Amino acid sequence: MNAAQPLKCRPSDYKSEVKPIWCPGCGDYHVLMALTRAMAALGLPPERIAVVSGIGCSSRIPAYTNCYGFHGVHGRALAVASGLKIARPDMTVIVATGDGDGYSIGGNHFLHACRRNVDLTYIVMDNHIYGMTKGQPSPTTEPDFDTALTPGGTGLRPFNPLVVALASGANFVARAYSGNPNETAALIVDAVEHPGFSFVEVLSACVTYRPDQRAWKERVHPAPVAPTDDPARAARRLMTDDGFNLGVLFRGNRPAYAPAKASELVAPEKLEEEFEV
Amino acid sequence: MNAAQPLKCRPSDYKSEVKPIWCPGCGDYHVLMALTRAMAALGLPPERIAVVSGIGCSSRIPAYTNCYGFHGVHGRALAVASGLKIARPDMTVIVATGDGDGYSIGGNHFLHACRRNVDLTYIVMDNHIYGMTKGQPSPTTEPDFDTALTPGGTGLRPFNPLVVALASGANFVARAYSGNPNETAALIVDAVEHPGFSFVEVLSACVTYRPDQRAWKERVHPAPVAPTDDPARAARRLMTDDGFNLGVLFRGNRPAYAPAKASELVAPEKLEEEFEV
Amino acid sequence: MTSSAQSVSVAMVGSGGAGVLTTGEMLLEAACAGGWDGLLTRLVGPQIRGGEAASLLRLAREPVECMADQFDLLVGIDWVNADRFSDEIPLADSSVLVCDSAAGAPPTMAAKARRVIELPLSELIKAHPTWRANMIALGAAGSLLGLEESVLHGVISRRFAEKGGAVAAANVEAAAAGARAVDARRGWVCLAPAVHKTGKRWLITGNEAVALGAILGGVRFAAAYPITPASDILEWLAPNLTKVGGTLVQAEDELASVNMIIGASYGGVASLTATSGPGLSLMVESLGLATASEVPIVIVNVMRGGPSTGIPTKSEQSDLNIAVYGMHGDAPHLVIAPQSVADCWLSAQWATGLAEALQTPAILLSDQFLGQAQTAMARPAERPPVGRRILPEEAPSPYRRYALDSGTVSPMSIPGMRGCTYTADGLTHNERGTPTSGARDHIAQLDKRRDKLDAHPYGSLWATLEGEGETAVLTWGSLTGVVREGIAQARAAGVSARLIAPRLLLPTRPAEMSSALAGVERLLVVEQSHGTQFLKYLRAHYDLPANVSVLHRPGPLPIRPHEVCRRLLEGESL
Amino acid sequence: MTSSAQSVSVAMVGSGGAGVLTTGEMLLEAACAGGWDGLLTRLVGPQIRGGEAASLLRLAREPVECMADQFDLLVGIDWVNADRFSDEIPLADSSVLVCDSAAGAPPTMAAKARRVIELPLSELIKAHPTWRANMIALGAAGSLLGLEESVLHGVISRRFAEKGGAVAAANVEAAAAGARAVDARRGWVCLAPAVHKTGKRWLITGNEAVALGAILGGVRFAAAYPITPASDILEWLAPNLTKVGGTLVQAEDELASVNMIIGASYGGVASLTATSGPGLSLMVESLGLATASEVPIVIVNVMRGGPSTGIPTKSEQSDLNIAVYGMHGDAPHLVIAPQSVADCWLSAQWATGLAEALQTPAILLSDQFLGQAQTAMARPAERPPVGRRILPEEAPSPYRRYALDSGTVSPMSIPGMRGCTYTADGLTHNERGTPTSGARDHIAQLDKRRDKLDAHPYGSLWATLEGEGETAVLTWGSLTGVVREGIAQARAAGVSARLIAPRLLLPTRPAEMSSALAGVERLLVVEQSHGTQFLKYLRAHYDLPANVSVLHRPGPLPIRPHEVCRRLLEGESL
Ligand SMILES: Cc1ncc(C[n+]2csc(CCOP(=O)(O)OP(=O)(O)O)c2C)c(N)n1
Ligand SMILES: Cc1ncc(C[n+]2csc(CCOP(=O)(O)OP(=O)(O)O)c2C)c(N)n1
Ligand code: SF4
Ligand code: SF4
Ligand SMILES: [Mg+2]
Ligand SMILES: [Mg+2]
């Protein structure tokens, strides 16, 4: 946790009374835990935070918090969140989706959100599968993973979200593992506090369609090197890493998106003048 | 030109009688010239080639060739081409669009086409502007370029298509300049012959909305290093290049997409058996 | 209920892991193996795994196409959250309720049932750790229904064969114990003896029937993005397309999937995608492209509760509007709605053939009920007319892809054909495909695309027309079977009515509809939508009698036959 | 034509670079500065730059809302590809044609014109290299029309002021030379004297009027993706939103733009996007989300020729279907259609206020004609009723965002408000917003969303109702002015008819329509679509008289007043 922030609230203050539909043992419970711990650590009142999502098991998370939430359609969370944050820069906006929502149908918004660099925190709960629709491959699914839709596996190179984020201009890139909720919470706090578009990929196991992911516990490890502020270097490292390096992997310093502002505002009626004959 | 290919046909055999709607001096005329030269060099009959596009000035190109053409909707050229190539692997499929079509609305298909690695050649005629809709910024527009829609410039980091292609798994990445039609033709030939997804970014000036691009002639130069087959190295180089390096910048060796094949085909009626009680 | 009915309905409920879904399947399989017919649907809670669940079965002497008005037998393996389903499981006055004696029956349900049978489920399981409660209940249900015990045991053995003989044997034993426990009441909920069935029969869901029909209709390429309740179609197609030399691609989204099939079909390969409301919404722009560029494609839309993400697991008929009117510009296309689980097979073939023959997109409008219900059907003796694409016969020069003088449908060349290259275009174009903004070309091509659809002879498949009288019931899709049964009930009470159910929703058939409606004075429209979409569609396109009323409701509560019957018996005030 | 008409129509044609578009603007401006009214539209070829072009003007004593039946004056700076437009420029019997004496007039056109005036354009330019042909022609046209020469020269000077005094002076000289060349024929195509105008007047296009209206209605956030013919709205909004403290974001595509405005509006800021058919197609999924989650948004759809990419630069009314019916599921929303260039201002404000007050998406259905035509309008004295979002008054506990017991519209909290956090949801939900698949919640929320729209008092803005008689003409959008003028022509010939033009297309207003139609025996429906989309919409939702006929045509050829008049005069056989 970020020691500089006084703990004003308890994580439970950020939990709603809605019972998750998640399967027992789903990694997403830990993401929720990490998220509410991060919120408590940030010390923001729940009504100053908005959690925006798409569709999927993971995307159910907003209603399980006590913040303002938006559970939109599949793949469009970043667009909703960008509009919200640009129109309401005073709100803290956290986007939380899944690998299908964020990397498959939502891929274009990911590219352009990284590039636009609006001050958002983007958490992808990546389980390398479509949980909600019962086990089809996602862009991060391993090429030889067998599913009913892709017997024998997809044969496709998995999508590398962290490198794509770097290539597209994300200002903060981190990887977390939901089985470590305290570390995940700390990364989320860091991401929220970092200006611009912060991306946190969270490995969050699907115990129902990917029971093999229980082995993730053993595979994850802290990144062996300190975060860099050079996207090219970070990309190069991540293009060849094992996919289980945890921690902040890139910490950039591009200024966050700032829309044009007039030095002086005019009354709307004033705009009529240009049409006068 | 690829010297190994006997020149069976003339470039003019690949030109249709349809008169381009392009402005006089538009860079796209040279892309058309390069494309038909490449086709002649490849020596394929026009009916074995399909040219697929989206919407934009650049995307008008299919009908100006004498091949099979598909002028689809805005942003979806890669999807149309992927379906065509997977269903008809015997056809040579070339996709040609613009920076708005390919990188803005079509960004998601770009990511996934790179990843899927279907044996396509993807030419983007990049003029850093929306020509067809009269001069709005595209993802590759410089942040300070003033337009009516973005007075004072977008302030956004330009999209880096070559790095995104590498990060997503493209198997061949090159940059060309339409003012050099012979070199561009040679790169297209190389891209078509290379298996898997080959991406050729062609700098093609918009003389109407970007008259400043006439200066490109002076800025382009051959890449100072030989192509690599290491995507991480290529990405690193391209993340810091000047945007005017020409030539093949990455030449990968991933096998092209190959759909599952049955060792023996069955008659459709045979499939009924599984339902019998 | 009579002691020997033409059809009996059974509901089995239980919490996650109780196994009521597989139990339902086995019961249907056993009944079918015994010569009966049947229909099975499932109810599940919002959880991905576990959560409450129910199997709803209707077993019958003859094929059935809808669920009955009421349930005769309710088996509760446990009652956790069973109240969530209670609206969907109306009990008959004569109904029998089976429960675990340790748990008893919930008072509200016990009050509705005529007889309650308590089974010592918990006790038996404690005594026999390899037994499972659902198998005991299955045995009991089989016995109450009068199914042949050996047939049921055969089904159980086969189902568990791959888990090893010991598992299979334990399950058979459990079922036998369940049967013994209700021995004295064998046949309490008894079906009339099975009718002798000749020929092959299939046990199939509507989604499987669509997929099989599509392949039989010629589809060899599919691209799709998973979505409930259409994913089953894709999961069946993936391995089976490979077997016949075709391919299925999982696309990154629905924008990609529809454009992939447009590309493949432009390449000459009949192509399909399957989706549900949210996915169809994303496809409408490119549906317009397929219309304008005249590329045949088939889009199967399995309707679920809407709007927006709505209720993904429940049935509704509320995507009629978007299917018929959802495109910008004037974009005539085909919309075809299957009328029963078995009809999915026929409709999918017909839609594929029509799309190919008419070079246009076809939307096959199924729904969650049809798609996920399983039924026994006789293997059809005949296939619907097969449509094929018209190719240019000899190389015309220059090739005019969108020719206006070659009959209603202009020959379409396939990439690779020499001398007939062309560029397909979604911009307004002339006969050669070259974009133009001229009024003459625009009107000529709009006329062409309308006329080719209107002029086609669709034959009797356009609609189901049954019965006679001055009253008619107009319905569509999965409600066809419900209305048929409602009309039969009314007939038994002395009131007759016609059934009119168009399978072809677009293009509309004004002449045919007007003869179907000739002499009709009163019309009842029955549909499963909140906004009476079908009624408005009918008013827009057809001349209806002055006296029209509507029976409608959104999902998920199905409309039942007796509701149709009641409206018919109410007569004038329809 | 009379020598002094209430309105005269002028067409100026020329090839790329000939400057006919700016010439048209200057002519309109000069006429308005002289106290007349007018309307200007443009025709352009497919090329991005250059290519053939035409300015079409109608100048009049009083405001005009449509182009006239015929053109009185045709000025050809040159005739390259002018035939492409000839269908769109019907000449009056009394028309005057002006051409370059070096080029002459094309025989087909000369044959139609009553008098041909040859100007020594090429000669004059050769003699005066700083003069331009379009300015000479402008001077000539001004003189033929009887415009005050000094006023025209003032407009020219201002227009070229920033290019320096010499350029401005040369252009004024050129215009003066043009006027001199036709001096003997001054006033040949003469307008009746201008009517004295009081108060401020605007020279504005429909797209600008929409943008201005939206800001006046409260819009402070816009996200959009460029598309013809809607981009002008965005290009006007971008700097002007900044001036009033708002923001415009260029999105990566329309999927993003509609979701961005949903996010911003969820955040409490009234938001808008503008697009055309292909873009609207991509928005329908998220339109359903806005409906279900009850987030107000405004989508301006400027219709162009369809289907698919169609004819981007030409007008058509063929997106009515998708606007009304384009969403999956039952998704009631607002559809509002402005009826003239000036009405764009009012309709945009009304739509914004209604969306906010009713927490629902509003589609503002404009078209290329309205959007890109420029007109002079009096600055309106009054603004339409302003709608505001209802906020929760005090923190209710727990806050029920989708409450059923708080009137037809449930108060909507804004992020930041303490004690009223909630999650907006596109899944079927209960009063608190929690997803459910229960039938009761589903129906209750469907009812709520329908009823809040139906119950709202829309007042007289719902439709334009004029005139009386047993014949009515029903039309909408940009055809309203055409029909009004057609009815006036018929009245002059002794036949009267009512005009009914709903501005509010959704929700429908059956009671209001039925009183508007009371006593009507014959109905003529007028619309610019190939598939008679408006007629079918009317049939679906309203009870029409038995005798209905339709006058329709797709774009780009406009329907003209005399066609409406002719149909009315044909009487019974309407
Ligand atoms: C437009 C659209 N297409 C498809 C779906 C069906 N769908 C719902 S969730 C989902 C995938 C979710 O995967 P992911 O984001 O990885 O979430 P998970 O369930 O694995 O947490 C899909 C395809 C939909 N709701 N909308
Ligand atoms: C769905 C959709 N949105 C927007 C448009 C409008 N549009 C046509 S071309 C274009 C941009 C083209 O830019 P680019 O691809 O760079 O092509 P260029 O004209 O510069 O060659 C846009 C936005 C459209 N046709 N369809
Ligand atoms: S299906 Fe997988 S991702 Fe979804 S709730 Fe269950 S365990 Fe979690
Ligand atoms: S607008 Fe630009 S890109 Fe388009 S044709 Fe003209 S020069 Fe080429
Ligand atoms: Mg996932
Ligand atoms: Mg461009």
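Fair warning: this is a prediction, and the values are worked out from it, not measured in the lab. Proteins get letters first, then strands, A, B, ... in listed order; numbering begins at 1 in each.
- The greatest number of non-hydrogen atom pairs below 4.5 Å with chain A, out of D:Val269, D:Leu203, D:Ile262, D:Asp253, is found for D:Leu203.
- Looking at D:Arg383, the atoms closer than 4.5 Å to chain A (heavy atoms on both sides) all sit in the side chain, from C-beta outward.
- From D:Lys243, atom NZ reaches atom NZ of A:Lys261 across 15.5 Å, with rounding to the nearest 0.5 Å.
- With respect to D:Glu252 and A:Arg116, a salt bridge is recorded, a charged nitrogen being found less than 4.0 Å from a carboxylate O.
- Heavy atoms of D:Ile204 lying under 4.5 Å from chain A belong to its backbone as well as its side chain.
- Looking at heavy atoms from C-beta onward, D:Cys420 lies out of side-chain contact with A:Glu47 at the 4.5 angstrom threshold.
- Ranked by heavy-atom pairs shorter than 4.5 Å toward chain A, the options D:Gly419, D:Ser413, D:Gly416 are led by D:Gly416.
- Contact record, D:Leu216 with A:Pro268: CD2-CB, 3.9 Å, taken as the closest heavy-atom pair.
- In the model, A:Glu273 has no side-chain atom that pairs as donor or acceptor with a side-chain atom of D:Trp202 under 3.5 Å.
- For residues 76-92 of chain A, a heavy-atom distance under 4.5 Å to chain D picks out A:Arg76, A:Ala79, A:Val80, A:Ser82, A:Gly83, A:Leu84, A:Ile86, A:Ala87, A:Arg88, A:Met91, given by residue number.
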Practice item. Using the side-chain contact (heavy atoms from CB on, under 4.5 Å) rule, take D:Arg432 and A:Val18 through it: C-alpha gap first, then chi angles, then the decisive distance, then the call. Key: CA-CA 10 Å; D:Arg432 295 218 51 205; A:Val18 180; over 6 Å; no
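- Counting all heavy atoms, side chain and backbone alike, D:Leu427 lies closest to A:His71 at CD1-CE1, 3.2 Å.
- Listed by sequence position, A:Asn108, A:His109 are the residues of residues 93-109 of chain A in contact with chain D, using a 4.5 angstrom heavy-atom cutoff.
- Between D:Arg379 and A:Glu269, none of the side-chain N atoms (NZ, or NE/NH1/NH2) sits under 4.0 Å from a carboxylate O, so this pair counts as no salt bridge.
- Within the 4.5 angstrom heavy-atom criterion, no atom of D:Leu241 approaches chain A.
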Practice item. Begin from the C-alpha positions of D:Trp236 and A:Phe275 and carry the test ring-ring contact (aromatic ring centres under 6.0 Å, His included) through to its verdict. Key: CA-CA 12 Å; D:Trp236 190 87; A:Phe275 301 109; 5.8 Å; yes
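- For D:Ala33, no part lies near chain A; criterion is any non-hydrogen pair under 4.5 Å.
- Once rounded to the nearest 0.5 Å, the distance linking CD1 of D:Ile215 with CD of A:Glu272 reads 11.0 Å.
- Ranked by heavy-atom pairs under 4.5 Å with chain A, the first of D:Leu248, D:Leu212, D:Val258 is D:Leu212.
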Point to revise | Stepwise side-chain contact (heavy atoms from CB on, under 4.5 Å) test for A:Asn66 and D:Tyr422 | key: CA-CA 7 Å; A:Asn66 205 11; D:Tyr422 73 101; over 6 Å; no
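- Side chains of A:Phe70 and D:Val295 form a contact here, defined as non-hydrogen atoms less than 4.5 Å apart.
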